[in-house]
Protein chains: 2
Amino acid sequence: MSRATNPAHTTATCPGIGNPAVSGATTTDRREELIHKAAHLFRANGFKGTTTRDIAAAAGMQSGSPFYYFESKGALLCAVMQTGMAIATANQDRVLAAMSPHATPREQLQALVSAHLHVLFGDGRDFMPVLAYEWPWLTDAQRQAVVAQKDAYEAAWMPALTGLHRRGELRSRPEVARFFIFGALNWTVHWFRPDGSLSVDDLAEEAMKLFVDRVA
Amino acid sequence: MSRATNPAHTTATCPGIGNPAVSGATTTDRREELIHKAAHLFRANGFKGTTTRDIAAAAGMQSGSPFYYFESKGALLCAVMQTGMAIATANQDRVLAAMSPHATPREQLQALVSAHLHVLFGDGRDFMPVLAYEWPWLTDAQRQAVVAQKDAYEAAWMPALTGLHRRGELRSRPEVARFFIFGALNWTVHWFRPDGSLSVDDLAEEAMKLFVDRVA
DNA sequence: CCTACCGATCGGTAGG
DNA sequence: CCTACCGATCGGTAGG
């Protein structure tokens with residue numbers, strides 16, 4: 001089957017990610033498996049340090065087969081990053097929806113920090129480090145697609161941060177604080193082990209103690 | 001000249017980094033130039049995304065010539081990381097030596113944060129991101145050589161952090177705080193532009209406001 | 001999805 | 001340091 005007539009290479013959110021709607025459920029499953037295996041390898045070895053043959057082997061395929069599902073290695077990276085953002089966003093939305101409308105800014109930030117750390121060491125383990133470091137390998141069109149999701153995710157933190165700032169519990173500028181906080185949290189993947197003496201919830205509590213001033 | 005009789009490939013701090021003492025000053029300069037050009041390319045494209053040909057071309061050499069100075073691409077990476085740690089350590093030592101013996105823990109941390117950010121956006125611009133992300137490509141022996149320098153650099157932060165903790169100006173555990181703070185600071189390379197409305201000193205002040213509680 | 005393959009590139013080396 | 005080169009690997013493709 002030639003590239004031009006392959007239905008897996010038509011429309012999609014990410015350019016070249018393929019269109020699940022056209023094919024059957026099994027095809028969608030195989031694509032999902034490729035995304036997860038790729039995420040794992042990209043996290044461990046980086047995008048440039050992972051070959052499409054590595055990914056194919058991890059999914060039990062021959063070397064050329066990933067290109068039946070994704071038009072290029074870069075399109076697969078884009079799908080990995082988009083999936084990662086979807087995981088993080090779904091988790092964050094769930095946490096925000098469950099929160100009381102009367103929650104204080106401090107409680108809001110606590111929930112967001114905890115949710116983010118839980119994604120980092122849970123479902124998003126293989127995806128979040130890729131999201132942090134592999135942007136240079138996306139094309140402009142691919143980057144645009146993922147950046148929109150990322151901006152929305154980060155924007156959800158601003159009400160809590162501006163609220164804390166107004167109350168005098170956060171002395172730095174909310175926008176700058178958000179950058180610093182994401183850096184501190186994302187960096188934990190380099191040193192924190194959730195099976196150690198500190199749990200993820202403990203870690204979230206330590207983070208809150210560092211970022212938020214005690215009430216006067 | 002065969003590999004075995006080449007004096008540039010004998011003893012060194014980093015395995016395979018070469019021995020400047022054996023050859024003349026010009027040889028040392030060329031090696032330094034390779035290290036700086038490599039740092040720049042590694043920062044921009046990653047270790048795996050940079051070819052030894054790219055590095056050779058940046059230094060005005062032919063493709064095989066870097067291997068006259070370094071026995072492998074990995075040895076060159078090790079030299080880059082070691083040089084980066086040397087830059088950061090020299091700067092930190094200078095700042096600590098200039099500090100009053102009566103400085104408060106807050107003043108000590110302020111000086112360390114400021115020094116670190118100035119290296120990140122100054123002399124160490126091309127080196128620090130490499131130091132943050134390219135560890136997976138070092139051999140165990142190479143990693144060992146660089147980790148020792150890194151541990152010493154980070155250990156110098158503990159007196160300030162434990163001092164603040166004792167005074168009740170830092171509520172999180174000093175060791176955990178140090179990890180969070182390094183993450184927040186190192187992450188700035190992904191978003192902060194020193195030529196914008198905020199200077200590096202402003203940035204250091206914002207960081208201090210975020211990390212350290214106001215005095216009661 | 002597999003088979004079989006291509007053109008390009010890469011880290012590294014022998015010899016001078 | 002350059003020249004000339006090697007063996008291995010890589011992303012991707014035509015055809016079924």
Side-chain angles (χ1 to χ4, degrees), chain A residues 1-9 15-16 18 20 22-34 37-38 41-42 45-79 134 137-139 142, chain B residues 1-9 15-18 20 22-34 37-38 41-42 45-79 137-139 142:
Chain A
M1 188 189 302
S2 86
R3 163 60 50 82
T5 61
N6 183 339
H9 293 284
V22 179
S23 321
T26 303
T27 297
T28 304
D29 286 351
R30 292 301 272 156
R31 194 168 1 235
E32 284 296 310
E33 188 181 356
L34 275 171
K37 300 292 189 188
L41 290 164
F42 288 162
N45 307 319
F47 177 72
K48 284 287 183 179
T50 303
T51 69
T52 55
R53 282 165 171 79
D54 293 337
I55 298 165
M61 295 174 175
Q62 296 303 314
S63 67
S65 301
F67 296 98
Y68 174 74
Y69 295 97
F70 297 92
E71 83 175 31
S72 69
K73 189 187 175 190
L76 179 48
L77 171 63
C78 186
E134 308 294 356
W137 312 119
L138 295 181
T139 65
Q142 291 167 339
Chain B
M1 188 188 306
S2 86
R3 164 60 50 85
T5 61
N6 182 340
H9 293 284
I17 187 182
V22 180
S23 320
T26 303
T27 298
T28 305
D29 287 351
R30 292 302 270 156
R31 194 170 357 238
E32 285 296 311
E33 187 181 355
L34 276 171
K37 300 292 189 188
L41 290 164
F42 288 162
N45 308 318
F47 176 72
K48 284 288 183 179
T50 303
T51 70
T52 55
R53 282 166 171 80
D54 294 337
I55 298 165
M61 294 174 175
Q62 296 303 314
S63 68
S65 301
F67 297 97
Y68 173 74
Y69 295 96
F70 297 92
E71 83 176 30
S72 68
K73 188 186 176 190
L76 180 46
L77 171 63
C78 186
W137 312 118
L138 295 181
T139 65
Q142 291 168 338

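In the text below, chain A, chain B and the rest are named by the order of the sequence lines, each starting its count at 1.
- Once rounded to the nearest 0.5 Å, the distance linking OG1 of B:Thr51 with NZ of B:Lys73 reads 7.0 Å.
- Side-chain contact between A:Arg30 and A:Met61: present, with at least one pair of heavy atoms (C-beta onward) separated by less than 4.5 Å.
- Whole-Å rounding puts the B:Phe70 CZ to C:dG11 C1' distance at 16 Å.
- With rounding to whole Å, B:Tyr68 atom OH is found 15 Å from C:dA14 atom C1'.
- Here the CG atom belonging to A:Leu77 is positioned 9.5 Å from the OG1 atom belonging to A:Thr139, to the nearest 0.5 angstrom.
- The interatomic distance linking B:Gln62 (CD) with D:dC5 (C1') rounds to 14 Å, in whole Å.
- Two residues are said to be in side-chain contact when any heavy atoms from C-beta on lie closer than 4.5 Å; B:Tyr69 and B:Thr27 meet this criterion.
- Here the NZ atom belonging to A:Lys37 is positioned 13.0 Å from the CG atom belonging to A:Asp54, to the nearest 0.5 angstrom.
- A heavy atom closer than 4.0 Å to some atom of DNA chain C occurs in B:Thr50, B:Thr51, B:Thr52, B:Arg53, these being the qualifying members of residues 45-55 of chain B.
- Atom OH of residue B:Tyr68 and atom CG of residue B:Leu34 lie 12.0 Å apart, to the nearest 0.5 angstrom.
- Note that CD of A:Glu134 and OG1 of A:Thr50 are 8.0 Å apart. Values are rounded to the nearest 0.5 Å.
- In this structure, the NZ atom of B:Lys73 is 4 Å from the P atom of C:dG11, given to the nearest Å.
- Atom CG of A:Leu41 and atom OG1 of A:Thr52 lie 11.0 Å apart (nearest 0.5 Å).
- OP1 or OP2 of C:dC1 has at least one side-chain nitrogen or oxygen of A:Tyr69 nearer than 4.0 Å.
- Proximity note for A:Ser65 (side chain, C-beta onward) versus C:dC2, D:dC2, C:dG12: the nearest is C:dC2.
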Q: Would you write the dot-bracket representation of DNA chain C, where each base gets (, ), [, ], | or . depending on whether it forms a Watson-Crick or G-U pair under 3.5 Å and with which partner?
A: ||||||||||||||||
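- Separating the CG atom of A:Leu34 from the C1' atom of C:dC1 is a distance of 11 Å, rounded to the nearest angstrom.
- Atom-to-atom, CZ of A:Phe67 to P of D:dC10 comes out at 12 Å; the value is rounded to the nearest Å.
- The closest side-chain heavy-atom distance from A:Trp137 to B:Asn45 is below 4.5 Å.
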